[in-house]
Amino acid sequence: MKSALKVYNSLSRKKEKFEPISAPYVGMYVCGPTVYGEAHLGHARSAITFDIIFRFLSHLEYKVRYVRNITDVGHLEHDADDGEDKIAKRAKLEKLEPMEVVKRYTSYYQTSLRKLNVNEPSIEPVASGHIPEQIKLTQQIIDAGFAYVSNGSVYFDVLKYNESHRYGELSGRVVDELLTGTRTLDGQEEKRSPLDFALWKNASPEHIMKWESPWGIGFPGWHIECTAMSNKYLGTRFDIHGGGLDLLFPHHECEIAQSVAGLKTQPAKYWLHNNMITINGQKMGKSLGNFITLDQLFSGDHPILEKAYSPMTIRFFILQAHYRSTLDFSNEALVAASKGYKKLMNGLRILRKMEYSPIDTINVDEKQEQELINLTESCYGGLSDDFNTAITIASLFNVVKKIHTLQLNPSLFNNISKESFENMKQTFIALTNEVLGLLEEAPNNNEVLIEGLLEWYKQAKENKDYDQIDRIRAWFKACGMQIKDMKTSIDWAYEEA
RNA sequence: GGUCCUGUGGCCGAGUGGCUAGGCUCAGCUCUGCAAAAGCUGCUACACCAGUUCGAAUCUGGUCGGGACCUCCA
């Protein structure tokens, strides 16, 4: 199964066989969020996409080191020149220390992802914690002759780089075309070419977040952090680099250039990009202001939300589409996802308790046996084909149908072997829980259930049905609770014994 | 304007030369104290035009529509 895994590589624009540089080890770097605002559905898609990849590779027994960064500095507003640091801007706006902003939104992001059952990456480095590495890498690029110092800032020399390499190999862009299409912006005088991007920016005195460097006081450019941190934790060359499709250009293109220029190698073997979530046909994003935060989804507190959607519903919704397709948000689609998710969980509940139990002599029917085997294998087929969770989920639903059939007609067990049943059961549970990360969400109406039981208890008391009373008390006890009989009412309490 | 992606049934969404995707919705049936669940059946699916082919939703060309990137963005 391991050898059959195929992934779509944005660099080659083809599906390729997945062969790690040094199996069984896999290094994966994914661009995480800039923590200057609440995490939204788009963040969830990226996180879940690479969570699945992380989980599936681990499931295939690769030893994966998954690095996902937190950008807490260096992201500029507007354009790359006279823009303001996003974090600093937000900090001013909220009258907070920049690190307060970072802390708040980092924890918001992590908490939301935890609710979505996204596993934590192996390493989650922050840009501000890697300033020396970024300075060092910048120096290496200067030394290699691909960057220049200008007015206290350092810029990557795109045209120079393009003489010996190809700037645009990932995004399919051509430098000449980029030049003609470039708008003239203010503050470009420092740069030799408008395509040049900052590796290090000179900080003005009022700038809040700044560090010392060989070129004066400043802060790192946006693209350099990912190259510096991926290099630090995964080496100069690693297996997978991921991120949102919107990061492909210029961010990932620049990463390649930085790595090739400063570290003399292509950073990643496979480049994977998840597509966007759209709302009314348009990309959901910060810039358009049409995003829905994860908390809003969970609480339903947003004008366009008709109701609240549980984290697992969101996860299921995202997994029902392939990660490279755009996925359109709508209440209707979310409601459908919610029901589909519950159907899958109901199947899981039945299967968990289901044992191989033929009622007559076993007489394996070749056709039914093969059908069951195919059903089980098709569940893997989806994930193995560029992590196509949509296909895997469709297959899982076919298994659910089979589960119901077996539950209704246990005599069908006679026609299948124990081995293939157990294999099906194990596969279903493993893929659903461990790989897709879809867990059961406990019903949240326990209060109602307890009230109902107390009502029943009261009835039993009135009827002096002591057997019934004892039984109900035992149920409460089993839940760490006890019933309190009072003169005028009945209530429950936590058992203190 | 440039580069790229995309258009699938009431809705969402896989597929990519011949084989039922799947989920949700709606209608009918079986089961059923009622209901739900489950099962079965059905609801003019592949934007349009032309071509390649024994055969195309799937390949090629064109038309129309939608989107992404080119500026911060998952």
Side-chain angles (χ1 to χ4, degrees), chain A residues 10 13 30-34 36-37 39-50 68 71 74-81 83-86 89 109 168 171-174 176-183 185 194-195 197 222 242-253 273-278 280-289 291 316-344 346-347 350 378 381-382 385 388-401 403-405 407-409:
Chain A
S10 300
R13 290 155 200 262
V30 174
C31 294
T34 305
Y36 69 113
H40 57 76
L41 241 193
H43 294 106
R45 186 168 201 196
S46 181
I48 288 172
T49 295
F50 292 100
R68 187 185 62 208
T71 298
H75 241 167
L76 300 176
E77 200 87 47
H78 307 308
D79 61 77
D81 293 277
E84 198 177 356
D85 189 293
K86 281 186 173 177
K89 183 180 176 180
Y109 177 73
S171 57
R173 270 153 234 268
V174 178
D176 288 347
E177 285 168 4
L178 282 170
L179 279 169
T180 52
T182 309
R183 281 180 287 160
L185 298 162
L195 298 185
F197 55 91
W222 170 34
L245 196 54
D246 48 354
L247 296 177
L248 195 136
F249 188 88
H251 183 54
H252 292 159
E253 195 69 66
H273 292 96
N274 65 279
N275 215 317
M276 304 292 105
I277 285 183
T278 59
N280 297 321
Q282 275 208 311
K283 172 181 162 181
M284 183 183 286
K286 200 81 187 166
S287 52
L288 290 163
F291 63 93
F316 183 84
F317 169 67
I318 287 171
L319 293 181
Q320 255 194 318
H322 183 72
Y323 75 91
R324 280 192 295 111
S325 304
T326 53
L327 172 60
D328 198 54
F329 168 89
S330 69
N331 281 288
E332 227 180 336
L334 260 302
V335 168
S338 165
K339 292 185 183 178
Y341 157 72
K342 282 172 189 158
K343 183 174 187 160
L344 195 63
N346 282 331
I350 297 168
S378 70
D385 185 10
N388 196 327
T389 49
I391 296 224
T392 289
I393 288 177
S395 302
L396 290 175
F397 275 114
N398 287 329
V399 174
V400 168
K401 198 173 248 184
I403 294 167
H404 286 135
T405 310
Q407 189 188 35
L408 248 57
N409 312 292

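Below, chains carry the letters A, B, ... as their sequence lines are ordered, and counting in each starts from 1. Not measured: the values here are computed from a predicted model.
Set against B:A38, B:G22, B:U25, the side chain of A:Phe397 has B:G22 as its closest nucleotide. With B:G67, B:C12, B:C24 as the choices, the nucleotide that has an atom nearest any side-chain atom of A:Ala333 turns out to be B:C12. Side chain of A:Glu177, nearest nucleotide from B:U3, B:C70, B:G13: B:U3. The side chain of A:Leu288 lies closest to B:A68 when the candidates are B:U25, B:A68, B:C11. Of the candidates B:C24, B:U16, B:G13, B:U16 carries the atom nearest the A:Asp385 side chain, counting heavy atoms from C-beta on. Picking from B:U16, B:G23, B:C69 the nucleotide with the shortest atom distance to the side chain of A:Phe249 gives B:C69.
B:U30 and B:U20 have their P atoms separated by 28 Å, given to the nearest Å. Atom name C1', nucleotides B:U44 and B:C40: the rounded distance is 22 Å, in whole Å. Taking atom P on both B:U8 and B:G65, the two are 16 Å apart, rounded to the nearest angstrom. Look at the C1' atom in both B:G9 and B:G13: the space between them is 12 Å, to the nearest Å. Comparing the same atom, C1', in B:U32 and in B:A37 gives a spacing of 11 Å after rounding to whole Å. Look at the C1' atom in both B:C49 and B:C64: the space between them is 10 Å, to the nearest Å. Here, B:C24 and B:A14 have their C1' atoms 15 Å apart, quoted to the whole Å. Here the separation of B:A57 from B:G7, taken at their C1' atoms, is 11 Å to the nearest Å.
Whole-Å rounding puts the A:Arg45 CZ to B:A68 P distance at 14 Å. For A:Arg173 and B:U3, the CZ to P distance is 11 Å, given to the nearest whole Å. Residue A:Ile391 contributes atom CD1, which lies 14 Å from atom C1' of B:G23 at whole-angstrom precision. Between the C1' atom of B:G23 and the CZ atom of A:Phe316 lies a distance of 6 Å, rounded to the nearest Å. Distance, A:Ile318 CD1 to B:G13 C1': 14 Å, rounded to whole Å. Look at CZ on A:Phe317: it is 16 Å from P on B:C11, rounded to the nearest Å. Rounded to an integer number of Å, the gap from CG of A:Leu327 to P of B:C11 is 16 Å. Per the geometry, CG belonging to A:Leu408 stands 12 Å off P belonging to B:U32, to the nearest Å.
Nucleic acid contact for A:Lys286: none, since no nucleic acid atom lies under 4.0 Å from a heavy atom of the residue. Nucleic acid contact class of A:Leu247 (heavy atoms, under 4.0 Å, all strands): sugar-phosphate only. In this structure, A:Ala390 reaches the bases: a heavy-atom distance under 4.0 Å links it to at least one base atom across the strands shown. Using a 4.0 Å heavy-atom criterion, one finds that A:Gly42 contacts the bases of the nucleic acid, with or without backbone contacts as well. Contact annotation for A:His251: no contact, since no heavy-atom pair falls under 4.0 Å across all strands. Within the 4.0 angstrom heavy-atom criterion, base atoms lie near A:Asn275. Within the 4.0 angstrom heavy-atom criterion, only backbone atoms of the sugar-phosphate kind lie near A:Ser325; the bases stay farther away.
Between A:His322 and A:Ala390 the shortest heavy-atom distance is N-CB, 4.3 Å.
A:Ser395 has no side-chain polar atom (N or O) that falls below the 4.0 Å cut-off from OP1 or OP2 of B:A21. Close to B:A14, at under 4.0 Å from its OP1 or OP2, lies no side-chain N or O of A:His322. OP1 or OP2 of B:C24 sits under 4.0 Å from a side-chain N or O of A:Lys343. Between A:Lys342 and B:C24 there is no side-chain N or O to OP1 or OP2 distance below 4.0 Å.
Base pairing analysis places B:G1 opposite B:C70; the two distances defining the Watson-Crick or G-U wobble pair are each below 3.5 Å. The partner of B:U63 is B:A47, judged by Watson-Crick or G-U wobble contacts that both fall below 3.5 Å. Nucleotide B:C24 forms a pair with B:G10, judged by Watson-Crick or G-U wobble geometry with both contacts under 3.5 Å. Under the Watson-Crick and G-U wobble criteria, each requiring two contacts below 3.5 Å, nucleotide B:A38 is paired to B:U30. When both distances must be under 3.5 Å, the Watson-Crick or G-U wobble mate of B:U16 does not exist.
A:Met276 pairs in a side-chain contact (heavy atoms from CB on, under 4.5 Å) with only one of the listed residues (A:Gln282, A:Lys283, A:Arg45), which is A:Lys283.
In this pair, A:His43 and A:Tyr109 present their aromatic rings perpendicular. The plane angle is above 60°, beyond the 30 to 60° band. The aromatic rings of A:Phe329 and A:Phe317 sit perpendicular, their planes meeting at an angle over 60°, well past the 30° parallel limit.
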I would like to know whether A:Leu41 and A:Phe291 meet side chain to side chain contact (heavy atoms under 4.5 Å, CB included); could you show each step before the answer?
CA-CA 7 Å; A:Leu41 241 193; A:Phe291 63 93; over 6 Å; no
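Side-chain contact check for A:Asn275 and A:Ser325: no donor-acceptor pair (N or O, by modelled atom type) lies under 3.5 Å.
A distance-only check finds a donor-acceptor pair linking the side chain of A:Thr405 to the backbone of A:Lys401 [under 3.5 Å]. Judged by distance alone, the side chain of A:Thr34 and the main-chain N or O of A:Thr71 form no donor-acceptor pair under 3.5 Å.
Where A:Gly285 and A:Arg13 meet RNA chain B, the nucleotide closest to each residue was compared, and A:Arg13 sits on the side nearer the 5' end. Along RNA chain B, the nucleotide nearest to A:Gly281 and the one nearest to A:Tyr323 differ in position, and the one closer to the 5' end is contacted by A:Tyr323.
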